[in-house]
Structures are given as C-alpha cells and as structure tokens.
Number of protein chains: 2
Amino acid sequence: MALKFAILGILADFGPQSGYDVKSMFEQGPSHVWTADLSQIYRTLSNLVSEQFVKVEEDTDSARGRKVYSITSEGVAALKNWLSEDYEILPVREPGLLRLYFSSHIPPKRVKEQLRTLKSQLEVSHAEYISMTDAIQHGAQYKPQAAIYWQFTLDMGLQWLQAYIDWCEKTLEKLEELDQ
Amino acid sequence: MALKFAILGILADFGPQSGYDVKSMFEQGPSHVWTADLSQIYRTLSNLVSEQFVKVEEDTDSARGRKVYSITSEGVAALKNWLSEDYEILPVREPGLLRLYFSSHIPPKRVKEQLRTLKSQLEVSHAEYISMTDAIQHGAQYKPQAAIYWQFTLDMGLQWLQAYIDWCEKTLEKLEELDQ
DNA sequence: TTTTAATATATGTATTGTCATATATGCAAC
DNA sequence: GTTGCATATATGACAATACATATATTAAAA
C-alpha cells in the first residue's frame with residue numbers, strides 16, 4: 001500500500017525514470033520514513049502499470065533494456081487521494097523493545113551491554129540524519145515547497161532518535177542502581 | 001521471528017496455557033511493543049511445536065477441544081539465546097510520515113487537519129499507556145523482576161508518544177507561519 | 001586486456017501478517 | 001428457550017516483504 005504511493009510520489013516529484021532510478025531516489029529521499037528493495041520496486045511498478053497509475057516506455061537510446069516509467073493523470077489523482085486520507089496510528093512493532101520486555105530471563109549485565117550497543121547505533125543514525133539536512137537544503141533549490149515537508153519528516157526522525165538515546169541513558173542508570 | 005519469541009516469553013513467564021490465553025496475555029502485556037492476531041498465534045504455536053520449543057496437551061477437563069501449550073527446556077534455551085542477541089536498528093516504516101513527505105501535492109489546510117487528528121490520537125494513546133502503568137504495578141507483585149523491564153519498555157513508548165505530540169505542535173506552528 | 005563495479009530488469013521462494021470464514025462449546029441475560 | 005457473547009481452534013486467500021538468484025550492458029580501474 002504505502003510503497004505504491006511512495007513510488008507515485010517520486011515519479012510525481014522527479015519525473016519519468018527507470019525502476020533503478022526510483023530505488024536511488026528512494027535512498028536519497030524518503031528512506032528515513034520508508035524503505036524497499038529493488039525487487040519490490042519492480043513488482044510494485046508492474047502493478048501500478050496494470051492499474052494505469054503509471055505508464056512505461058522502452059528507452060530506445062539504451063541497449064540495456066531500460067524502461068522509463070511515468071505517472072499518469074489517474075496516478076496523480078490516486079496519489080492526491082491517498083495523501084488526503086486521515087492519519088491512523090498503527091500498532092508498534094519494535095523487536096528490540098520486545099526483547100527488553102522479556103529480559104528478566106537473562107543477566108542484567110548482558111542487558112546493559114545491549115543498551116550500550118543500541119545507544120551507539122542510534123547516535124550513528126542521528127549523525128546520518130543530521131547530514132541528510134544538507135541534502136534537503138540542496139533539493140530545496142529545485143523543489144522549495146516539497147523540501148519543507150521533507151524537513152518536517154526528518155525533524156520527527158531526529159526527535160525520535162533523540163528520545164530513544166535519552167531513554168537508553170536513563171534506563172542504563174536505572175539498571176546500575178538495581179545492581180547496588 | 002519476533003512473534004515466535006514473544007510467545008515463548010509469555011509461556012515462560014505465565015506458564016502453560018491455550019492459544020486463546022496467549023492472545024489475551026499479549027493484549028494485557030507486550031501489546032505496546034508487538035501485536036499479533038489469533039490466527040497468527042495459532043500458526044506460530046504449531047511451528048513452535050514442530051521445532052520442539054513448545055509441547056501441547058489436550059485439556060481433557062474441557063469438552064471445548066482446548067489445548068494447553070507449555071514451553072520446553074529447548075524452548076527456554078532458544079528464548080534466552082534470542083534475548084541475548086545484539087540489538088539492531090531496523091529501517092523505519094511510518095506510513096503517516098511518508099504521507100507528509102509528499103504532502104506538497106495537497107493543500108496545507110488539509111495537512112494541518114491531518115496533523116491535528118494525529119495529535120489527538122496520540123494523546124489518546126498516551127493516556128492508555130499511562131493506564132498500563134497500573135497493570136504493571138499490579139503484575140509486579142507476582143513477577144517483580146520482570147515488571148522492571150515491562151516498565152522500561154512502556155517508558156520508551158511514552159517518550160516516543162510525547163516526542164511525536166510535541167513534534168505535531170511544532171510542525172503545526174510552522175505551517176501556520178507559512179500561511180502568513 | 002581483463003576484471004570489477006554500477007546500471008538495469010526480473011523471477012522464484014519463503015516468511016509474515018491480515019482478513020474472512022467456519023465450527024463448536026459454555027454461560028449469562030432476556 | 002433462545003439470543004448473544006466469550007471461549008476455543010483452524011484454514012483459505014491474499015498482500016507485502018525479504019532474500020537469493022539469473023541475466024546482460026556499460027564504464028572505469030587495474
């Protein structure tokens with residue numbers, strides 16, 4: 001569901017391109033809110049063509065069998081329709097926190113190690129997100145209105161990471177106290 | 001993967017029970033970190049029996065065809081093994097934020113409505129999480145060590161919700177400014 | 001010149017999850 | 001007494017995703 005509209009969004013924002021291009025646009029763009037691998041992108045593009053939300057043309061210039069996908073007017077309508085829908089909160093799916101939930105079965109020492117590992121990974125992620133801000137500033141020259149929303153979603157990612165990092169620290173402190 | 005160990009965890013913490021019971025334990029317990037529907041729970045229990053991590057007994061007392069599942073020693077070992085694994089950050093999957101990412105295609109007025117709806121839903125969730133704290137305090141009488149970890153994961157849920165709510169407000173303010 | 005990496009598309013398979021549906025018992029309310 | 005709800009298990013169908021694999025071209029590096 002979501003991937004379908006992510007692809008429509010990319011085609012709407014950045015024009016006709018190959019499935020391979022869509023993948024790299026994804027990586028440079030909304031990868032912090034959604035991800036997909038190439039095989040999934042190709043399959044979803046096929047479905048979008050069947051639904052007539054996207055049309056394909058063979059790229060005669062390249063001998064690589066390159067296909068250029070572009071969004072149709074029906075596709076734009078479908079995208080806008082989806083964008084207008086109300087938000088709904090989905091159930092959380094955090095394998096890491098699920099693990100912690102049952103961690104009374106392993107030694108607290110191990111749990112503390114895991115939390116420290118998690119914290120350092122989150123800090124790496126946080127630094128990466130910060131660097132994405134530059135990419136958005138760059139993109140803002142071409143797509144100023146869109147860039148505002150890109151920054152909003154990145155801000156949420158940063159908030160979420162910061163909250164997670166703070167929680168790691170606080171939880172580690174609490175575990176230290178319990179040891180004494 | 002995760003559900004498998006969630007079920008093992010529930011059987012380890014709360015003893016032998018039916019698939020139906022596992023579902024309600026889930027709802028009362030780790031529903032804020034993982035969810036599953038009944039059909040998925042039954043299928044996963046079958047798999048766990050095949051793997052010999054769980055064993056079944058027909059409940060002869062009930063004419064309802066009730067089956068009682070219990071964790072085996074191999075199951076406990078598998079659970080502890082999984083619990084000891086390092087955390088790894090998974091790619092984010094937020095359909096709501098994906099929507100916002102491409103929202104330059106719809107009027108800002110609509111986006112603001114969506115954010116207000118989202119915020120009120122998050123506030124409802126937040127209140128529900130707060131009330132779960134009571135359930136944990138109650139469970140702490142029987143499972144004091146486990147309850148510490150339950151509270152940790154719930155705290156993270158609360159932090160995440162609070163960060164999301166704050167971000168909604170901030171983002172709404174920014175959208176208001178842009179209108180002027 | 002050969003090898004490696006990037007570009008480019010596509011399918012097979014397994015896993016997970018969702019939703020619908022079927023079936024049957026036990027118990028309480030009306 | 002029958003209606004409705006909670007208890008209880010199970011399967012079929014479908015969608016999304018992940019991972020492996022196959023194939024072929026192009027361009028740069030060794």
Side-chain angles (χ1 to χ4, degrees), chain A residues 1-8 10 16-28 30-31 33-51 53-70 82 88-95 98, chain B residues 1-8 10 16-28 30-31 33-51 54-69 82 88-95 98:
Chain A
M1 196 84 250
L3 180 57
K4 194 168 125 174
F5 295 107
I7 292 175
L8 287 179
I10 285 172
Q17 57 194 286
S18 70
Y20 193 89
D21 290 339
V22 169
K23 169 67 177 165
S24 53
M25 287 315 242
F26 226 107
E27 273 162 8
Q28 291 162 48
S31 62
V33 285
W34 204 266
T35 52
D37 79 345
L38 255 178
S39 72
Q40 192 59 19
I41 287 170
Y42 283 120
R43 267 190 260 251
T44 307
L45 277 167
S46 294
N47 295 340
L48 285 167
V49 171
S50 306
E51 287 178 286
F53 291 160
V54 159
K55 61 175 196 284
V56 217
E57 273 179 82
E58 294 280 336
D59 185 351
T60 46
D61 291 350
S62 84
R64 267 191 215 186
R66 197 170 185 270
K67 290 179 181 179
V68 178
Y69 295 89
S70 47
W82 177 74
E88 55 172 321
I89 303 181
L90 295 171
V92 179
R93 283 277 167 84
E94 279 287 318
L98 180 63
Chain B
M1 196 84 250
L3 180 58
K4 193 168 127 174
F5 295 106
I7 291 175
L8 287 178
I10 285 172
Q17 56 194 286
S18 71
Y20 193 88
D21 290 340
V22 169
K23 171 66 178 164
S24 53
M25 288 314 242
F26 227 106
E27 274 162 7
Q28 292 161 49
S31 62
V33 285
W34 205 266
T35 51
D37 79 345
L38 254 179
S39 72
Q40 192 60 15
I41 287 170
Y42 282 120
R43 269 189 260 249
T44 306
L45 276 168
S46 295
N47 295 340
L48 285 167
V49 171
S50 307
E51 288 178 286
V54 159
K55 60 175 196 286
V56 216
E57 273 178 83
E58 295 280 337
D59 184 351
T60 46
D61 291 350
S62 84
R64 267 191 214 185
R66 196 169 186 268
K67 291 178 182 181
V68 178
Y69 295 88
W82 177 74
E88 55 171 321
I89 303 181
L90 295 171
V92 179
R93 283 278 166 83
E94 279 287 318
L98 180 63

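So that the names make sense, note that chain A is the first sequence line, chain B the second, and so on, each numbered from 1. Atoms considered below: every heavy atom in the structure, side chains included; atoms not considered: hydrogens, waters and symmetry mates.
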Rounded distance (Å) that lies between atom P of dT7(C) and atom CD1 of Ile41(A)
14 Å

Is Tyr20(B) near enough to dT7(D) that one of its side-chain N or O atoms lies under 4.0 angstrom from OP1 or OP2?
yes

Looking only at side-chain N and O atoms, does Gln40(B) come under 4.0 Å of OP1 or OP2 in dG17(C)?
yes

Please state how far atom CG in Asn47(A) lies from atom P in dT11(C), giving the value in whole angstrom units.
12 Å

Could you tell me the separation between the OH atom of Tyr69(A) and the C1' atom of dT7(C), rounded to a whole number of Å?
15 Å

Under 4.0 Å between a side-chain N/O of Tyr42(A) and OP1 or OP2 of dT9(C), yes or no?
yes

Would you mind checking if Arg66(B) and Asp21(B) are paired as a salt bridge, meaning a charged N to carboxylate O distance below 4.0 Å?
yes

How many Å lie between CE on Met25(A) and C1' on dT7(C), as a whole number?
16 Å

Could you walk me through whether Lys55(A) and Ser70(A) satisfy the side chain to side chain contact (heavy atoms under 4.5 Å, CB included) test, starting with their C-alpha distance in whole Å, then the side-chain angles of each, then the deciding distance to 0.1 Å, before giving a yes or no?
CA-CA 5 Å; Lys55(A) 61 175 196 284; Ser70(A) 47; 3.6 Å; yes

Backbone N or O of Leu45(A) within a donor-acceptor pair of the Lys4(A) side chain at under 3.5 Å?
no

Regarding Ser39(A), tell me which of base, sugar-phosphate or nothing describes its non-hydrogen contacts under 4.0 Å with the strands shown.
base

Judged by atom type as modelled, is there a donor-acceptor pair below 3.5 Å linking the side chain of Arg93(B) to the main-chain atoms of Thr35(A)?
yes

If I take atom CG in residue Leu38(A) and atom P in nucleotide dA6(C), what distance separates them, rounded to the nearest angstrom?
14 Å

Using only atom types and a distance under 3.5 Å, with no angle test, would you say the side chain of Gln28(B) pairs donor to acceptor with the backbone of Ser24(B)?
yes

Asp37(B) has an atom CG; how far is it from atom P of dT18(C), in whole Å?
6 Å

The residue, Asp21(B) or Leu3(A), whose nearest nucleotide of DNA chain D is more 5′ is Asp21(B)

N/O (side chain, Trp34(B)) to phosphate O (OP1/OP2, dG17(C)) under 4.0 Å
yes

When you check the phosphate oxygens OP1 and OP2 of dT18(C), does a side-chain N or O of Arg93(A) lie under 4.0 Å from one of them?
yes

To the nearest angstrom, how far is Asp59(A) atom CG from dT25(D) atom P?
16 Å

Looking at Arg43(B), I'd like to know whether one of its side-chain N or O atoms comes within less than 4.0 Å of OP1 or OP2 on dC19(C).
no

From CG of Leu45(A) over to C1' of dA16(D), roughly how many Å is that when rounded to an integer?
15 Å

